[in-house]
Amino acid sequence: MDILPTILRINHAGKVALWIGFGVFTAVSILLFALSLTVPAQKRTFFYFGLLINVMGALNYYKMASGDGSVLVLQGERYASGNPEHIFVVREVFRQHYIDWAVVATLNMFQMGLLAGMSWVNIGFLLLTNEAVVQTGWVAALESNQTRKFVWWGFSWIFVAAVAYIVLIIGRRDVKAQAPRVGILYNLLALGATVLLAAYPVNLLFAEGLGLSSVGTEQIAYTIFDILAKAGFGTTLAFVDKLTDGEYTLADLPESWVQPRSKIAAVQLPGPDNL
Amino acid sequence: MDILPTILRINHAGKVALWIGFGVFTAVSILLFALSLTVPAQKRTFFYFGLLINVMGALNYYKMASGDGSVLVLQGERYASGNPEHIFVVREVFRQHYIDWAVVATLNMFQMGLLAGMSWVNIGFLLLTNEAVVQTGWVAALESNQTRKFVWWGFSWIFVAAVAYIVLIIGRRDVKAQAPRVGILYNLLALGATVLLAAYPVNLLFAEGLGLSSVGTEQIAYTIFDILAKAGFGTTLAFVDKLTDGEYTLADLPESWVQPRSKIAAVQLPGPDNL
Amino acid sequence: MDILPTILRINHAGKVALWIGFGVFTAVSILLFALSLTVPAQKRTFFYFGLLINVMGALNYYKMASGDGSVLVLQGERYASGNPEHIFVVREVFRQHYIDWAVVATLNMFQMGLLAGMSWVNIGFLLLTNEAVVQTGWVAALESNQTRKFVWWGFSWIFVAAVAYIVLIIGRRDVKAQAPRVGILYNLLALGATVLLAAYPVNLLFAEGLGLSSVGTEQIAYTIFDILAKAGFGTTLAFVDKLTDGEYTLADLPESWVQPRSKIAAVQLPGPDNL
């Protein structure tokens, strides 16, 4: 007996969510660009990060909302979409998300590391383990074989745990050496970032993993998470000076990075010889 | 009624152009390597960039000239190739170009930023906006849907405008603080680079966009642009000392970058502690 | 007369080899992590590199061993697998290796450059030429056309020669300015690294190139080479202090990289202004 595949595709609500994501990231990009002009050049680090994150978010969400950026993944015979019996499932997976997160999640975590004031080596570990969460999730989402899908999903939790350790234990310890208001802001954002990071693989579990949520529901959830991570996080950090009463200075750009190099003809590429 | 697709592929002239590109980039690679040995190690920055750009150009052009590096893109029913009626078009698109440009165009623009002496932050913006021109053009070229193709092409012009602003307004302002001959050279190259950058999406418009030019004509145009950008630009900057009477020094490499580190056993990785 | 394709796939022995690779890299990752805690933070450079290399090795080998990470490449009518006549061959090629090597081989060579104490510019050349060996081999392995396959394979040897020159001539010259025991260690590893690097394209020649070795034999060979390069190299360098009597200090991390930045509120991003 032949089994006809059930093709699970995004629905109208899911598409609307992706278009809303595009609109929000475009608006926040313009907002952050305008706001960045109101502060001195050396104070714009977080504006630049937020701008980069939201512009890339806008482009990637346009791609998905307009109908690109997904692949159909054979998932074999399984339960899905509330069907009482096994059906042969082909599911639309928006892989464009992973291209987006592979770059953008790293930038977000770099901001967390800067805010905490953790060591450069720990920032390095934070970025690498965070990147590993994205990469292992990427493999899990596009995997046809259920066993391997869950193994990769399990791998991603190892790296989620490592990120949580760095953000919640090391970051919260290191931020204590800064002004109290920086600590309050960091502790709030650190908790939010960790919960948010863990929400992504949970969404993956219910969607591609167990097949309990539809493609549309999955995309609505990812869009909400991304709006919090890109737009919410970006605009919050744009007001870091107001939120910490100007007591956070670890992300100030050196004068030499924002000034034209040609003003002093003797300046060369950076390095110990140029001191 | 079935419609047979018309497959638009590269012609003999286009293939010859790609082989010429391979030959030119190979020759210029060898030339720049030989020339680099005639100047002190600290003066070789632009030779190294030119070498990297032309070696990568040679490899990527070999790939395309030898018959790889392209995909067939369904373009649907449309006007193409001077046919008076709508035909169903499948077009050969050389995506290898975009792999090439994604790396090489960034290196080229980095040289423009160094020559102008603009701030490191502005160099960062120049590289990111320039990369965005390549990435949005890449999506446009491989897109099957005409509407989306033109939206992505439109996005690429936003970033072309940003690059033009940085190169022509910021760069020309900053270079004024250097010796006059550096300014003359920069202003010439900046104008050339901007016109050349804009020529790529125009070529895309007539080729994949409107279907007015054949795949062969498109590749001849890209080859000419690339020879100007890689070989022309590279050899010009190799003579930056002669062209500016030795008055351009912003790209000199620090002594510590060109000397073995082992000569002083106490030197460690770069960082504030090693001063 | 129709010709049925012969599909050459990995055998049981090859799969066992990939699983052994996964096990070894997982074990060495745990070992290096545990060992790193026994030395001061500034002395952990090589532990971090080794950890990164082996964790990525473990993930990539899991992917291949579990049945992913390969593509079927049409190789046309040719001799293969000891068959006396031409057969039409489709061969399984594990492209996941190239994703692995593209990142990991660079990290390995960076360690060689650090150990030799060669200049940063020469380390740059070493990493770029080594990356070119991987990229050209990648194209060769996935190429269907025999002529082009051998041209790309030939390209890779040009870059192998460049790497050998940098490692064996420049590196061995520069290491002489360090303590004798560093020189002895470097010379041994440099010879091993060069022989090992050359072994990869030789394996490619007998496998995808001439079709003399089976997919299983090919994977057994790659696994042995990778265990030497990742696990062997990594554990050796973890004992660099014991092996050189503490006389090698060029890879010590600056104090400012391993200390929280928040302890001194005045510290900013690195750059000449922060001195």
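What you see is a predicted model, and the numbers here were worked out from it, not measured in a lab. In the text below, chain A, chain B and the rest are named by the order of the sequence lines, each starting its count at 1.
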Q: With salt bridge (charged side-chain N to carboxylate O under 4.0 Å, His left out) as the test, would you mind laying out the steps for Lys63(A) and Glu143(B) before giving the verdict?
A: CA-CA 11 Å; Lys63(A) 184 152 189 184; Glu143(B) 177 63 71; over 6 Å; no
Check whether [X] gets within reach of chain A through its side chain, its backbone, both or neither, counting any heavy atom under 4.5 Å.
X	result
Leu128(B)	side chain
Val182(B)	neither
Ala116(B)	backbone
Phe159(B)	side chain

(Q) If I measure from the heavy atoms of chain B, does Leu52(A) come under 4.5 Å with its side chain, its backbone, both, or neither? (A) side chain
Q) Just how far is it from atom CZ of Arg44(B) to atom CG of Leu253(B), taken to the nearest 0.5 Å? A) 9.5 Å
(Q) Centroid separation under 6.0 Å, is that true for the rings of Tyr48(A) and Phe125(B)? (A)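 For Phe125(B) and Tyr48(A), the ring centres are under 6.0 Å apart.
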Q: Applying ring pair (Phe, Tyr, Trp, His ring centres under 6.0 Å), run through Phe47(B) and Phe33(B) and close with a yes or a no.
A: CA-CA 7 Å; Phe47(B) 293 90; Phe33(B) 182 73; over 10 Å; no
(Q) Below 4.5 Å, heavy-atom pairs only: which of Asp68(A), Leu51(A), Val55(A) has the largest tally toward chain B? (A) Asp68(A)
Q. Should Leu114(A) and Thr45(A) count as side-chain neighbours, where that means a heavy-atom distance under 4.5 Å?
A. yes
Q. Between the side chain of Asn60(B) and the main-chain N/O of His97(B), is any donor-acceptor distance below 3.5 Å?
A.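 Such a contact is absent between Asn60(B) side chain and His97(B) backbone.
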Q. So Tyr61(A) and Asp226(A), side chain to side chain donor-acceptor pair (under 3.5 Å) or not? Walk me through it.
A. CA-CA 10 Å; Tyr61(A) 267 73; Asp226(A) 274 0; 2.7 Å; yes
Q.
Suppose a student defines contact as a heavy atom less than 4.5 Å from any heavy atom of chain A. Which residues in residues 145-154 of chain B would they list?
A. Arg148(B), Val151(B), Trp152(B)
Q. Would you call Arg9(A) and Glu92(A) a salt bridge, using N to O less than 4.0 angstrom?
A. yes
(Q) Take a 6.0 Å sphere around NZ of Lys176(B) and say whether it holds more than 12 heavy atoms from other residues, nucleotides or ligands. (A)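 For Lys176(B), atom NZ is not crowded (no more than 12 foreign heavy atoms under 6.0 Å).
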